[in-house]
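Down below is the structure, laid out as structure tokens.
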Protein chains: 2
Amino acid sequence: MSLVETDDVDGGESLSLHQRILSDIREKILSGAWAPGHRIPFEHELTAQYNCSRMTVNKALSQLAKAGLIERRRRSGSFVRQPQSQAAVLELHDIRIEVEALGLPYRYERLERIKRRSSADDRARLGLAAPGPVLALEGLHFAGERPFALEQRLINLSAVAEANEEEFLEIAPGPWLIGRVPWSEAEHRIRAMAADENIADALDIEASAPCLVVERRTWSAERPVTHVRFIYPAESHTLVARFTPSQG
Amino acid sequence: MSLVETDDVDGGESLSLHQRILSDIREKILSGAWAPGHRIPFEHELTAQYNCSRMTVNKALSQLAKAGLIERRRRSGSFVRQPQSQAAVLELHDIRIEVEALGLPYRYERLERIKRRSSADDRARLGLAAPGPVLALEGLHFAGERPFALEQRLINLSAVAEANEEEFLEIAPGPWLIGRVPWSEAEHRIRAMAADENIADALDIEASAPCLVVERRTWSAERPVTHVRFIYPAESHTLVARFTPSQG
DNA sequence: ATAGCGATTATGTATATACATATTGAAACG
DNA sequence: CGTTTCAATATGTATATACATAATCGCTAT
């Protein structure tokens with residue numbers, strides 16, 4: 001059995017050799033030809049089949065292992081892993097981008113700005129241990145004349161002191177923070193919720209109408225930076241997440 | 001300027017050299033010390049600083065490039081990339097797992113099973129061009145005595161003929177399909193929705209109560225396999241997505 | 001039988017080397 | 001002055017080699 005005809009005329013694509021090896025094997029796995037648990041040919045066998053050095057084969061297999069498609073065991077060989085937990089990639093764009101993608105004019109409007117010493121609730125939202133100053137912001141993102149999303153944000157002023165100098169009247173805190181604060185970690189929670197009186201009022205929808213809520217907590221170098229809650233009327237927003245098997 | 005004291009006593013962790021180079025540089029980027037646009041030392045400079053071969057440095061930089069943290073340009077060098085589009089990883093577990101994680105007994109119950117020639121709506125859901133046989137399933141996932149999620153599923157029988165032999169009375173189609181059909185691509189849509197009469201009835205909630213809807217379309221080798229819609233009462237489910245800068 | 005030990009084997013990491021390729025900057029030329 | 005050409009340079013890929021490390025097989029001694 002041979003993986004490829006190594007004497008083949010080039011099929012047209014110009015992949016490097018280790019990339020071709022990688023995608024050949026990935027194809028075998030994703031197509032089901034090599035079921036989970038199947039032992040992949042040893043490096044020295046692939047070396048012979050592709051007529052290349054072990055380093056080249058190793059590069060391909062190492063990448064497959066890092067991508068989680070295979071598992072490598074010393075002395076035993078490499079094996080196709082059990083179907084991985086389905087992990088999809090969720091792209092979270094700036095709201096301005098989302099709105100402009102709809103061909104509508106975008107506008108941000110501040111509703112509220114309060115500086116205060118963190119309440120217990122604030123600390124819970126931010127994941128803060130000790131009390132300290134925070135900035136609580138509320139604002140509306142518009143798509144044309146219609147409210148598109150309500151934003152409720154907390155900024156940890158101990159981590160981002162400059163935020164205190166900013167009014168955030170017409171520029172949204174999100175874009176402001178990006179670039180100013182390098183963030184190293186983020187956690188998102190997505191759920192559905194009925195609009196309460198205040199939310200319905202701000203978004204100009206009926207009370208108890210369904211909303212999509214996206215909350216994000218952000219850390220920079222282990223320190224909580226911000227917690228934000230985006231509330232979308234159900235009609236106005238759908239999140240899209242894709243799974244594509246790792247390209248190595 | 002030196003990145004590390006190469007004569008340092010080992011800090012305790014046993015990283016390989018290229019991994020240490022990688023994480024040193026990643027740290028510089030994530031901490032903000034090297035801002036977007038900053039030119040990373042050339043390979044030959046790092047080679048000198050770490051007293052290692054170019055291949056070792058190259059391995060680290062290549063991985064950073066693949067992870068999207070840096071951009072490499074021939075003849076010019078490697079540069080820190082502009083803050084990437086925020087991409088979070090959404091783990092989508094089997095519902096049984098979700099329920100059992102809550103410490104509740106899990107049960108699946110079929111509500112409906114219809115084999116039919118695909119309607120226009122079916123084809124739209126599956127992304128099918130031509131008509132053909134499909135299996136429409138509806139079922140309930142229970143956590144203890146309470147309905148946890150309603151599942152509405154379409155299976156493309158042209159792609160998964162064996163599904164026609166299965167009744168799906170007590171085993172959910174999700175786990176059944178996994179392992180039987182290798183899937184190569186999936187797309188998820190997440191939104192909020194008000195429960196209509198039928199949904200409210202099935203889930204034992206009030207009509208027009210908010211629900212979280214997760215839809216998934218799955219392909220195997222370019223062919224549509226299944227479309228599924230999970231409908232969760234707002235209280236019962238929160239999706240969690242994490243961003244952690246690629247570990248290379 | 002079985003516990004321990006050493007040889008074997010596959011992967012993991014690193015080196016020195018070589019040549020390909022894209023891009024830039026400067027020299028040569030019209 | 002603008003354009004072409006060419007050499008320099010940094011990255012991209014691949015090789016042959018070497019030794020480290022972990023796991024397994026089979027032999028030996030108890």
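In what follows, chains are A, B, ... by sequence order, proteins preceding strands, each numbered from 1. Predicted model, so just to flag it, every value in this text is computed and none were measured.
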Base contacts versus sugar-phosphate-only contacts with protein, heavy atoms under 4.0 Å: please encode nucleotides 4-10 of chain D as B, S and - from 5' to 3'. ----BBB
Could you walk me through whether A/His227 and A/Arg217 satisfy the side-chain hydrogen bond (donor to acceptor under 3.5 Å, both in side chains) test, starting with their C-alpha distance in whole Å, then the side-chain angles of each, then the deciding distance to 0.1 Å, before giving a yes or no? CA-CA 4 Å; A/His227 175 279; A/Arg217 252 202 286 198; 5.5 Å; no
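The outermost nucleotides of DNA chain C lying under 4.0 Å from heavy atoms of chain A, listed 5' to 3', are C/dT8 to C/dA14.
Rounded to an integer number of Å, the gap from B/Lys59 NZ to D/dT11 C1' is 17 Å.
Aromatic pair B/Phe230/B/His237: ring centres not closer than 6.0 Å.
The cationic atom of A/Arg96 (NZ for Lys, CZ for Arg) does not lie both less than 6.0 Å from the six-membered ring centre of A/Tyr106 and within 45° of the ring axis. Relative to the ring axis of B/Phe79, B/Arg73 places its NZ or CZ within 45° and under 6.0 Å from the centre.
In this view, A/Glu151 and A/Arg153 satisfy the salt bridge (charged side-chain N to carboxylate O under 4.0 Å, His left out) rule, not counting sequence neighbours. With sequence neighbours left out, the salt bridge (charged side-chain N to carboxylate O under 4.0 Å, His left out) criterion links A/Arg191 to A/Glu215. Applying the salt bridge (charged side-chain N to carboxylate O under 4.0 Å, His left out) criterion to B/Arg223, with sequence neighbours excluded, gives no partner residue.
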Could you pull out all donor-acceptor pairs under 3.5 Å where a side-chain atom in residues 161-177 of chain A meets a protein atom, sequence neighbours excluded?
| from | atom 1 | to | atom 2 | distance (Å) |
| --- | --- | --- | --- | --- |
| A/Glu166 | OE1 | A/Trp176 | NE1 | 3.4 |
| A/Glu167 | OE1 | A/Arg110 | NH1 | 2.9 |

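B/Ser53 comes within 4.0 angstrom of a nucleotide base, judged by non-hydrogen atoms across all strands. The residue B/Leu61 sits apart from the nucleic acid: no heavy atom pair falls under 4.0 Å.
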